[in-house]
S.K.: 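Here it is, the structure in full.
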Amino acid sequence: MSTHAFQAPKGTRDFYPSDLAVRRHIEHAWRSASIDCGFDEVEGPAFEHLELYTAKSGEGIVNELFSFRRAGGENDYALRPEFTPTLARMVAARAGALPVPVKWFAIPNMFRAERPQRGRLREFVQWNIDTLGVEGAATDIDVIACAILALERLGLTPLDVQVRLSHRVAIGRLLSALGVSEEKSADAMTLLDRRDKLKPDEFATRAQALGLSAEGVASFDLAARATQPLADEISALATKIGIPVEALAALDEVRAAATRAGILEWCTVDIGIVRGLAYYTGTVFEIHEISGAERAVAGGGRYDGLVELFGGPKMAACGFGMGDVVLANVLRDRKLLPDDGAALLPRPDAFVISAGSEAAEAELPRLMMALRRAGFHARSSSKVTRNVGKLLGDAGKARARFAVILGAELTEGQIALKNLDSGSHSGSQTLVALAELTEHLRVKA
RNA sequence: GAGGCCAUAGCUCAGCUGGUAGAGCACCGGAUUGUGAUUUCGGCUGUCGCGGGUUCGAUCCCCGUUGGUCUCCCCA
């Protein structure tokens, strides 16, 4: 390819100012929700030893990674495809010294060697929330509630997105109650996970392969598609599937915790939510746009064995990841992002205009620096025209709060301060002493 | 990894059965030597994604390639 036509690598994004403004808007909701929920921010390397990932996910993961070896080097590395191994490594390294619970969040970029499609890119940003060292449904709900808080701050409601949740222990007992043997349990969960992708007859065939009777297959099919608002009694779900209520006791604990936290309306029980088999040990959940039009906004759950897997002590853990790509799609679907991301850029406090006199020309650069030293976001025009109308046009396009006009009054030490937010009329303009400008901006900001 | 569609100005797009390109917006300047959304006049812009082939001649047809988009696969 010739040198004048470089393109960004497949599945990566260039963030022009208006694009980055959107990303920061999302990240701000994530970060503020994390902090308000008591999580501390952490960060790790953008690449790790390849073995860190194969240790958790097996050799098969390598195809999904961007891995590399330094020219002449002997170590294999991989760009991080997820944050959890890094987190587990960090916790394991200092497990003895960390106060429990460990409540950490991170907003790292991730890399996956996948073919890009809607909601999936090769580089993206993912918000990670994790609580370690504490067992119990209340912790699971604490984590989920933090996700909800961030989504709420972005303008979403329970009518836009739902937390679809299930519980590994409950599913295990459910399967057992339906007559699925211990050995077939993993197969059964895989089948639950694939319920929407398989044709009915193929689903039935595979259900029979679990060793179920015709009646058992019917119940299994019912269970696989079972969803109900978390607000409804868990016993209703058990009755519907035809199993003892006690089998779903774990879900009832989650429901009780969600009730106490006041997030019931955001949650739906969904027996079809399974997620990584070798990984999760308790509550599992995904957050979905309610119509199912987009991929999962977030996914996570309880994974009590993970820190141990990375050489640490046995440690309870619960967390989730939320990517920026699907979330931005959902926000756009719901008209919760401006058409032009520039509307999310920081607004100038003052836009300084010289009307053209020698005194004004001399004053402008001095005033700019003075305003900035005082902590104001100050801009001026680079246009050569001194047509005040045109320059006010620039001020408006810059979305400045105030225009500061250096005109004839400057000889008396005064400038015109125009409030650009108060409509298109000139009535909102006052003469103020140049020396008192910062005071006026401070009061009116 | 498999397949469909797409790529023309900074942006959104037009461009006839092949004859080397236009519009709107944006941008810059003036009208108007002091007042901003829908005043007005003028101006700038392209190796038509890239490479090759067919042809007298390719933005247009063919092949390859890069990127985008969507589906399948996968999904920590």
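Proteins come first, then strands; the chains are lettered A, B, ... in the order of their sequence lines, and each starts at number 1. Note that the coordinates shown come from a computational prediction; the quantities given were computed from them, not determined experimentally.
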S.K.: Suppose we define a pair by two distances each less than 3.5 Å, Watson-Crick or G-U wobble; what does U35(B) pair with here?
M.R.: none
S.K.: Report the distance from atom CG of Asp340(A) to atom P of A26(B), rounded to the nearest whole Å.
M.R.: 13 Å
S.K.: Please identify which of these residues, Asp160(A), Leu156(A), Ile290(A), Ile287(A), meets the side-chain contact (heavy atoms from CB on, under 4.5 Å) condition with Val330(A).
M.R.: Leu156(A)
S.K.: Identify the nucleotide, in any strand shown, that forms a Watson-Crick or G-U wobble pair with G1(B), with both distances under 3.5 Å; if there is none, say none.
M.R.: C72(B)
S.K.: Are side-chain N/O atoms of Thr12(A) and Glu123(A) paired as donor and acceptor at under 3.5 Å?
M.R.: no
S.K.: When the distance from CG of Asp339(A) to P of C25(B) is rounded to whole Å, what number comes out?
M.R.: 19 Å
S.K.: Given G29(B), C73(B), G34(B), identify the nucleotide with an atom nearest to the side chain of Gln117(A).
M.R.: C73(B)
S.K.: Are Glu48(A) and Thr86(A) close enough that a side-chain donor and a side-chain acceptor fall under 3.5 Å?
M.R.: yes
S.K.: Would you say Lys383(A) places a side-chain N or O within less than 4.0 Å of OP1 or OP2 belonging to C28(B)?
M.R.: yes
S.K.: Would you indicate what Ile61(A) reaches in the nucleic acid, counting non-hydrogen atoms under 4.0 angstrom: base, sugar-phosphate, or nothing?
M.R.: base
S.K.: In terms of relative ring orientation, are Phe320(A) and Phe285(A) parallel, tilted or perpendicular, with 30° and 60° separating the classes?
M.R.: perpendicular
S.K.: By nearest heavy atom, map Arg122(A) and Arg275(A) onto RNA chain B; which one lands nearer the 5' end?
M.R.: Arg122(A)
S.K.: Using the P atom in both, what is the distance from C60(B) to U69(B), to the nearest Å?
M.R.: 24 Å
S.K.: What's the closest nucleotide to the Thr385(A) side chain, out of G30(B), A76(B), U35(B)?
M.R.: G30(B)
S.K.: Quote, to the nearest angstrom, the C1' distance that separates G53(B) from G57(B).
M.R.: 15 Å
S.K.: Could you identify the nucleotide paired to A7(B), looking across every strand shown and requiring Watson-Crick or G-U wobble geometry with both distances under 3.5 Å?
M.R.: U66(B)
S.K.: Write down the partner of U55(B) under the Watson-Crick or G-U wobble criteria, each distance required to be under 3.5 Å.
M.R.: none
S.K.: When the distance from CG of Leu87(A) to C1' of A76(B) is rounded to whole Å, what number comes out?
M.R.: 14 Å
S.K.: Picking from U71(B), U35(B), G29(B), which would you name as closest to the side chain of Arg118(A)?
M.R.: U71(B)
S.K.: For G51(B) and U47(B), measure between their C1' atoms and round to the nearest Å.
M.R.: 13 Å
S.K.: May I ask which nucleotide in the shown strands pairs with U40(B), Watson-Crick or G-U wobble, both distances under 3.5 Å?
M.R.: G30(B)
S.K.: Determine the contact category for Gly396(A): base if any of its heavy atoms lies under 4.0 Å from a base atom, sugar-phosphate if only primed atoms, P, OP1 or OP2 are that close, otherwise nothing.
M.R.: base
S.K.: Nearest whole angstrom, please: distance from the P of U69(B) to the CG of Asn329(A).
M.R.: 10 Å
S.K.: Within the structure, does a side-chain N or O atom of Arg13(A) lie under 4.0 Å from either OP1 or OP2 of G67(B)?
M.R.: no
S.K.: For C60(B), give its Watson-Crick or G-U wobble partner with both distances under 3.5 Å, or none.
M.R.: none
S.K.: Relative to each other, are the rings of Trp30(A) and Trp127(A) parallel, tilted or perpendicular (30° and 60° limits)?
M.R.: parallel
S.K.: Assess, by modelled atom type and distance only, whether the side chains of Gln126(A) and Arg80(A) contain a donor and an acceptor separated by less than 3.5 Å.
M.R.: no
S.K.: Out of G29(B), U32(B), U69(B), which has the shortest distance to the side chain of Asn387(A)?
M.R.: U32(B)
S.K.: Measure from OH on Tyr280(A) to P on A76(B) and round the result to the nearest Å.
M.R.: 7 Å
S.K.: Out of G36(B), G34(B), A76(B), which has the shortest distance to the side chain of Ala416(A)?
M.R.: G34(B)
S.K.: Sub-3.5 Å donor-acceptor pair from the side chain of Arg112(A) to the main-chain atoms of Pro81(A), do we have one?
M.R.: yes
S.K.: Side chain of Arg295(A) only, please: which of G68(B), G29(B), C74(B) is the nearest?
M.R.: C74(B)
S.K.: Counting the atoms with a prime plus P, OP1 and OP2 as sugar-phosphate, which does Ala395(A) contact under 4.0 Å by heavy atoms, base, sugar-phosphate, or nothing?
M.R.: nothing
S.K.: If I pick the C1' atom on G43(B) and the same atom on U66(B), what distance separates them, to the nearest angstrom?
M.R.: 35 Å
S.K.: Determine whether any donor atom in the side chain of Gln429(A) lies under 3.5 Å from an acceptor atom in the base of G36(B), or the reverse, and answer yes or no.
M.R.: no
S.K.: Could you tell me whether the side chain of Phe111(A) reaches within less than 4.5 Å of the side chain of Leu65(A), counting heavy atoms only?
M.R.: no
S.K.: Give me the distance, rounded to whole Å, that separates U45(B) from C62(B) when you measure between the P atoms they each carry.
M.R.: 33 Å
S.K.: Please state the P separation for the pair C63(B) and C70(B) - nearest whole angstrom.
M.R.: 25 Å
S.K.: What is the nucleic acid contact for Gly119(A), judged by heavy atoms within less than 4.0 Å: base, sugar-phosphate only, or nothing?
M.R.: nothing
S.K.: Assign Glu409(A) to base, sugar-phosphate, or nothing according to its heavy-atom contacts below 4.0 angstrom with the strands shown.
M.R.: base
S.K.: Using the closest heavy atom to pick a nucleotide of RNA chain B for each, name whichever of Gly407(A) or Lys390(A) lands nearer the 5' end.
M.R.: Lys390(A)
S.K.: Between the base of C75(B) and the side chain of Arg115(A), is there a donor and acceptor pair under 3.5 angstrom?
M.R.: no
S.K.: Measure from CZ on Arg112(A) to C1' on G1(B) and round the result to the nearest Å.
M.R.: 18 Å
S.K.: Using the side-chain heavy atoms of Pro81(A), tell me which of these nucleotides is nearest: C73(B), A76(B), G29(B).
M.R.: A76(B)
S.K.: When the C1' atoms of U8(B) and U71(B) are considered, how many whole Å apart are they?
M.R.: 28 Å
S.K.: With a 6.0 Å cut-off on the ring centroids, do Tyr77(A) and Phe47(A) count as close?
M.R.: yes
S.K.: Can you identify which nucleotide, out of G36(B), G34(B), C74(B), has its nearest atom closest to the Leu392(A) side chain?
M.R.: G36(B)
S.K.: Go through U35(B), C75(B), C27(B) for me and flag the one nearest to the Ile405(A) side chain.
M.R.: U35(B)
S.K.: Can you tell me how far P in G30(B) sits from the matching atom in A21(B), rounded to whole Å?
M.R.: 33 Å
S.K.: Within this structure, what is the CG-to-P distance between Leu121(A) and G68(B), rounded to whole angstrom?
M.R.: 8 Å
S.K.: Have a look at Ala8(A) and say if it touches a base, only the backbone sugar-phosphate, or nothing, with a 4.0 Å heavy-atom cut-off.
M.R.: sugar-phosphate
S.K.: Nearest-Å distance, NZ (Lys397(A)) to P (A26(B))?
M.R.: 8 Å
